[in-house]
Amino acid sequence: MDTKITEPDPPYRNGMSEVLRYGEFTSTGNRKVRYALSLTERDLTIQKITSAPLERSKVVFNLRDCVGSRAFRADDNTDSGAYFSAYFYPFKRRWMSSGVARQRVERCFRVDLVHDLCANLEEAEKWARTIRESSVLQNHPRNGVVYSEVRRPCRAMLLVNPHSGKGQALSLFTSHVQRMLNEAGVSYTLVVTERQNHAREMVREADLSQWDALVIMSGDGLLFEVVNGLMEREDWEEAILTPLGILPGGSGNALAASIHHYSGAQPVSSEELLVSCGFLLCKGLVSHMDLASVHLSSGPTRLFSFLSVAWGFVADVDIESEKYRHVGAARFTLGTLVRLASLRVYRGRLAYLPADEAEPRGESPQNQRPFSTFCPSDLCRPSDSVGQNTFHNSCNSNNAVRMKTSEPVPPNATQKGLPDSLLVPLDQPVPSDWVVVPEEDFVLMLAVYQSHLAEDLYAVPDSTLNDSIIHLMYVRAGISRTALLRLFLAMGKGTHLENNCPHLVYARVKALRLEPFSPKGVITVDGEVVEYGPIQAQVHRGLARLIAR
């Protein structure tokens with residue numbers, strides 16, 4: 001006679017949600033304790049069954065916090081029971097500080113409804129599959145943004161810079177991310193970069209049909225390499241649509257902090273930020289992200305930027321603080337104090353194309369004049385087994401060296417690639433509808449397209465991934481050291497634009513051009529040093545795709 005597992009009679013409705021599955025199981029730690037599990041399209045409710053029904057303890061897990069579930073058999077061949085585990089990362093209060101952060105919770109149950117391993121395993125697999133499928137359905141749009149999902153089954157290339165930040169990227173991966181990817185059933189190939197521009201060369205030449213996502217665990221510099229490698233390909237239009245994932249492993253981690261912010265979560269940093277980004281990666285939701293094309297003065301050189309262009313104080317702090325890399329994100333605070341001690345003023349000319357008719361915040365530039373010269377829950381298909389993961393290119397070389405000169409883009413990439421319709425050549429005046437800033441003495445110029453410039457620098461509170469806006473800020477000469485320090489402290493909270501600082505000007509723009517007059521200085525693109533000289537940029541809406549939420 002065939003063995004058959006009898007199930008309760010649902011579907012019935014528990015509140016507003018239809019019950020998809022119901023069962024009573026024991027825990028893996030104590031087979032004498034039984035639990036009643038009720039699974040709806042939104043929640044998994046677990047009730048501990050005691051002798052007094054009114055005293056049942058109950059916990060409810062939202063499936064939006066679930067990254068995966070799997071069924072498995074016991075190592076003991078004499079055990080006829082089967083098991084299933086569900087993996088959640090809900091927001092929980094921190095132990096030693098205020099606020100909440102995502103923290104891992106695993107719940108595992110033993111199915112022993114009949115004395116038949118195959119029948120029990122089949123039941124466990126039904127539970128695991130229903131949990132996975134229901135968790136995927138909880139990936140709702142946020143703030144009106146419609147998300148797609150990474151293709152399933154997924155094959156991810158995971159690029160790690162072992163020397164980014166404090167040099168702990170690999171250990172952070174193995175201690176936090178690796179388990180999460182396995183729980184979500186994500187298959188990946190781990191590539192440890194060997195040198196500067198290694199990642200750029202790899203993605204420029206790689207057969208991208210082998211990969212459904214490119215995941216970067218580093219600071220922002222490695223993603224800069226990947227984005228530019230993709231845009232240098234002959235098939236750049238298709239290549240740049242490859243979903244990109246970011247896991248913070250560096251010092252600044254600006255984009256990681258931004259996507260965490262876009263998810264609506266409370267601010268976190270360090271390993272809590274890594275867990276948050278790992279969770280978003282496992283959920284596998286994809287949004288479009290703006291890129292800016294950046295032109296330098298040396299021939300056809302063009303770069304693509306996802307984060308910022310900086311000149312003056314901000315760029316100086318970023319590069320000069322490299323010597324303090326061993327202290328992690330605190331290097332920027334230390335670098336800021338050092339640079340404040342010998343504050344510099346830079347001469348140059350700035351112009352921009354306003355994004356709309358609205359006046360810029362702060363004091364608006366007056367006396368305009370012509371500019372005469374220069375410019376996935378499941379990332380992949382749920383599986384009852386751990387994804388097959390491979391490791392490639394282990395090395396001990398340093399990939400954290402800043403780019404001292406820009407690497408020229410192949411001429412055909414510039415000539416045949418994405419057109420920059422808002423820009424004219426750098427040796428021609430800007431169009432008449434551009435605003436030319438009358439001041440020529442600056443402390444800094446910062447153009448940023450994400451919410452954060454670092455984990456603790458909340459640069460643009462109202463920025464989104466694909467708003468088609470360059471958020472331009474500049475500080476005019478004459479500001480005191482105390483006022484500048486106060487400005488950066490306010491940026492940590494995102495209140496710097498509300499402080500009515502008379503030296504700070506903010507504008508929403510579509511394109512900009514900077515011509516430095518000072519003979520010495522630093523210009524960075526996404527934190528990477530580029531050739532010092534005239535530079536111009538324009539934003540391209542939603543050009544890339546980012547795994548975010």
> How about K58 and T45: does a side-chain donor come under 3.5 Å of a side-chain acceptor?
Replying inline: no
> Under the side-chain contact (heavy atoms from CB on, under 4.5 Å) test, which residues partner A544, sequence neighbours left out?
Replying inline: I240, M289, L291
> Looking at residues at least two apart in the chain, or sitting in another chain, which of them share a ring pair (Phe, Tyr, Trp, His ring centres under 6.0 Å) with F25?
Replying inline: F84, W127
> side-chain contact (heavy atoms from CB on, under 4.5 Å) between L137 and E133: does it pass, once the steps are laid out?
Replying inline: CA-CA 7 Å; L137 296 177; E133 292 173 350; 5.9 Å; no
> Please walk me through it: do L159 and H198 pass side-chain contact (heavy atoms from CB on, under 4.5 Å)?
Replying inline: CA-CA 10 Å; L159 296 132; H198 181 194; over 6 Å; no
> Who are the side chain to side chain donor-acceptor pair (under 3.5 Å) partners of N77, not counting sequence neighbours?
Replying inline: none
> Any donor-acceptor pair under 3.5 Å linking the side chain of N120 with the backbone of L117?
Replying inline: no
> Listed by chain and number, what are the side-chain contact (heavy atoms from CB on, under 4.5 Å) partners of V203, not counting sequence neighbours?
Replying inline: L214, V226, L230
> Can you name the salt bridge (Lys or Arg N to Asp or Glu O under 4.0 Å) partners of D43, sequence neighbours left out?
Replying inline: none
> Just by distance, do the side chain of K283 and the backbone of I547 share a donor-acceptor pair under 3.5 Å?
Replying inline: no
>> Under the rule for side chain to side chain donor-acceptor pair (under 3.5 Å), what residues qualify as partners of R110, not counting sequence neighbours?
In response: D79, Y83, D112
In a table with atom names and distances, give each donor-acceptor pair under 3.5 Å that connects a side chain of residues 489-497 to protein atoms at least two apart or in another chain.
unit_1: T495; atom_1: OG1; unit_2: A490; atom_2: O; d: 3.3
unit_1: H496; atom_1: NE2; unit_2: A459; atom_2: O; d: 2.8

> Is there a donor-acceptor pair closer than 3.5 Å between any side-chain N or O of N253 and the backbone N or O of A256?
Replying inline: no
> What pairs with Y89 under ring pair (Phe, Tyr, Trp, His ring centres under 6.0 Å), at least two apart in sequence or on another chain?
Replying inline: none
> Can you name the one residue among R179, K92, M180 that meets side-chain contact (heavy atoms from CB on, under 4.5 Å) with R104?
Replying inline: R179
> Considering residues at least two apart in sequence or located in another chain, which fulfil the side chain to side chain donor-acceptor pair (under 3.5 Å) criterion with D75?
Replying inline: none
>> List the residues meeting side-chain contact (heavy atoms from CB on, under 4.5 Å) with T130, not counting sequence neighbours, and say none if there are none.
In response: L20, R21, L39, S134
>> Tell me every residue that passes salt bridge (Lys or Arg N to Asp or Glu O under 4.0 Å) with R34, counting only those two or more places apart in sequence or in another chain.
In response: none
> When rounded to the nearest 0.5 angstrom, what distance separates CG in L307 from CG in D290?
Replying inline: 12.5 Å
>> Taking CD in E106 as the centre, count heavy atoms belonging to other residues, nucleotides or ligands within less than 6.0 Å. Is the count above 12?
In response: yes
> In chain order, what residues pass the side chain to side chain donor-acceptor pair (under 3.5 Å) check against H176, with sequence neighbours excluded?
Replying inline: E271
> Counting N and O atoms only, with roles assigned by atom type, does the side chain of S80 sit under 3.5 Å from a partner on the main chain of D116, one being a donor and the other an acceptor?
Replying inline: no
